[in-house]
Amino acid sequence: MYYALSRTTQRPHWFSYFDDMNAIIFLAPISAFDEHLTEDPKVNRLEDSYGLWRTLCTLKLLERTQIVLFLNKCDLLEKKLLAGVIIKDHVTSFGSRKNDGDTAKKYFQSHFKEIARQHSPSPRKFYVHLTSVVDTKATAVTLRTVQEGILRDSLRKADLL
Ligand SMILES: Nc1nc2c(ncn2[C@@H]2O[C@H](COP(=O)(O)OP(=O)(O)OP(=O)(O)O)[C@@H](O)[C@H]2O)c(=O)[nH]1
């Protein structure tokens with residue numbers, strides 16, 4: 001298992017891992033809708049995640065690779081909303097939807113799903129988990145589920161299931 005850093009300077013190095021990859025777990029910080037990249041303050045972090053996700057989904061090289069989306073930092077999202085941060089002030093397309101965690105998670109999730117649908121070279125299943133990785137117990141359960149899914153997928157591709 002490899003951990004690839006998301007800093008923009010590190011991204012060109014990702015390609016060297018993409019050959020013969022079983023699966024990718026893509027962590028997107030869902031709480032970052034009102035934040036900007038340290039290395040480029042003009043770029044909104046959520047928009048940056050959408051862009052990266054689109055790039056991965058589009059790549060022909062990853063057409064048969066399972067990509068699992070972790071919408072992470074859900075706890076920080078809830079905290080921000082409780083503190084009064086208004087999503088539509090940062091994400092205009094959010095419009096007049098309810099400014100709560102569940103609505104936000106559903107909304108952001110559907111956006112990622114739509115990107116995958118529109119940009120994958122062939123239809124792919126959309127795997128998503130809402131996570132707060134600081135909750136190590138819950139994360140361990142999620143990772144086990146993902147691991148089993150990846151194994152099942154590999155067996156299926158090898159016609160062993
Ligand atoms: N509360 C909370 N903190 C998290 C979560 N995921 C990561 N963090 C913390 O956020 C900090 C940065 O996390 P990283 O995953 O290393 O980095 P990043 O999210 O890519 O980048 P930055 O947030 O810009 O630092 C660390 O202190 C993590 O412990 C989460 O789900 N909830």
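Order of appearance sets the numbers: ligands from 1, and atoms from 1 within every ligand.
Taking the six-membered ring where the residue is Trp, the centroids of Phe26 and Phe70 are separated by 6.0 Å or more.
Distances from atom 28 (C) of ligand 1 to the protein include no heavy-atom value under 4.0 Å. In this structure, atom 14 (P) of ligand 1 has no protein heavy-atom contact shorter than 4.0 Å.
The pair Asp153-Arg156 counts as a salt bridge, with a side-chain nitrogen and a carboxylate oxygen less than 4.0 angstrom apart.
Using cut-offs of 30° and 60° on the angle between ring planes, the pair Tyr50 and His111 is parallel. In this pair, Phe33 and Phe108 present their aromatic rings parallel. The plane angle is below 30°, not in the 30 to 60° band. Note: Trp14 and Phe18 have perpendicular aromatic rings, judged against thresholds of 30 and 60 degrees for the angle between ring planes.
Those atoms of ligand 1 with a heavy atom of Leu76 less than 4.0 angstrom away are 1 (N), 2 (C), 3 (N).
Remark: ligand 1 and Asp75 share an N or O pair separated by less than 3.5 Å (distance only, no angle test). An N or O contact shorter than 3.5 Å links Val133 to ligand 1 by distance. Of the N or O atoms in Asn72, one or more lie within a sub-3.5 Å distance of an N or O in ligand 1.
Tested against Asp34, the residues Arg45, Lys80, Lys88 include a single salt bridge (Lys or Arg N to Asp or Glu O under 4.0 Å) partner, Lys80. Of the candidates Asn72, Leu143, Thr142, Ile67, Ile25 forms a side-chain contact (heavy atoms from CB on, under 4.5 Å) with just one, namely Leu143.
Residue contact check for ligand 1: Arg45 places a non-hydrogen atom closer than 4.0 Å to it.
Nearest protein neighbour of atom 7 (C) of ligand 1, counting heavy atoms only, is Lys73 CE, 3.5 Å. Ranking protein heavy atoms by distance to atom 20 (O) of ligand 1, first place goes to Ser6 OG, 3.8 Å. Atom 16 (O) of ligand 1 has its closest protein heavy atom at Tyr3 OH, 4.4 Å. The protein atom (non-hydrogen) at minimum distance from atom 25 (O) of ligand 1 is Arg7 NH2, 4.3 Å. What sits closest to atom 4 (C) of ligand 1 on the protein, heavy atoms only, is Val134 CG1, 3.8 Å.
With no hydrogens or angles considered, a side-chain donor-acceptor pair links Thr103 and Asp100 at under 3.5 Å.
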